[in-house]
Amino acid sequence: MNKEKDHITVLVVALATIKVKDVEAETSKICESEGVVHHNFEKIDRDSDEHTHEAICDHINIDTTEYFDFVTVANQGSGYSAHTEKTYLGKVAKGVLFGSKANVLLYL
């Protein structure tokens with residue numbers, strides 16, 4: 001990564017369980033401590049009948065959005081993994097993996 005030229009965009013879907021301001025402050029702090037010059041934060045509002053992964057993919061895939069080289073998704077979902085040693089993809093990670101036009105990196 002070229003910290004002086006590359007751009008990082010942090011996308012967060014606005015949900016009642018996510019403290020958007022805290023996520024913004026923490027990610028900005030990390031980018032600044034790592035010397036990333038170009039970083040921004042975008043809150044995605046989700047329609048009431050829209051799944052989280054659909055809101056993310058809709059944002060990434062629309063023509064007016066700046067091009068994303070890749071998307072990193074953390075896999076925090078799937079309650080099944082609490083009862084087994086196997087790794088399952090949560091609904092959001094799977095939805096972004098299969099629905100995004102960008103390359104997807106999964107953090108398992």
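Predicted model only: the values in this text are computed from it and were never measured. What you see below is based on every heavy atom in this structure, not just the backbone, and it leaves out hydrogens, waters and symmetry mates.
The hydrophobic cluster containing L105 also includes F70, under a criterion of side-chain heavy atoms closer than 4.5 Å among ILVMFWY residues, counted directly or through chains of members.
A donor-acceptor contact shorter than 3.5 Å is absent between the side chain of D6 and the backbone of M1. Here the side chain of N103 pairs a donor or acceptor atom with the backbone of D69 at under 3.5 angstrom.
Shown here for C57 and G95, the closest heavy-atom pair between the two residues is SG-O, 3.7 Å. Between N61 and G99, the closest heavy-atom pair is ND2-O, 2.8 Å. Nearest heavy atom pair, residue L106 against residue A93, reads CD2-CB, 4.1 Å. Residues S100 and V71 approach most closely at OG-CG2, 4.3 Å, considering heavy atoms.
Using a 4.5 Å cut-off on side-chain heavy atoms (C-beta onward), L97 and V73 make no contact. Residues I8 and F41 have side chains not in contact (no heavy-atom distance under 4.5 Å, counting atoms from C-beta outward). In this structure, the side chains of I56 and V13 come closer than 4.5 Å at one or more pairs of heavy atoms.
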Could you pull out every donor-acceptor pair under 3.5 Å between side chains of residues 16-33 and any protein atom, sequence neighbours left out?
{"residue": "T27", "atom": "OG1", "partner": "V23", "partner atom": "O", "Å": "2.9"}
{"residue": "T27", "atom": "OG1", "partner": "E24", "partner atom": "O", "Å": "3.2"}
{"residue": "S28", "atom": "OG", "partner": "E24", "partner atom": "O", "Å": "3.0"}
{"residue": "S33", "atom": "OG", "partner": "K29", "partner atom": "O", "Å": "3.3"}
{"residue": "S33", "atom": "OG", "partner": "I30", "partner atom": "O", "Å": "2.9"}

- [ ] Check the pair L11, F68 against side chain to side chain contact (heavy atoms under 4.5 Å, CB included), reporting the backbone distance first and the verdict last.
- [x] CA-CA 11 Å; L11 301 175; F68 286 87; 4.2 Å; yes
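Among residues at least two apart or in separate chains, side chain to side chain donor-acceptor pair (under 3.5 Å) pairs with a member in residues 35-53 are T9-N40, N40-E42, E42-H59.
Interatomic distance, NZ of K5 versus NE2 of H7, reported as 10.5 Å (0.5 Å rounding).
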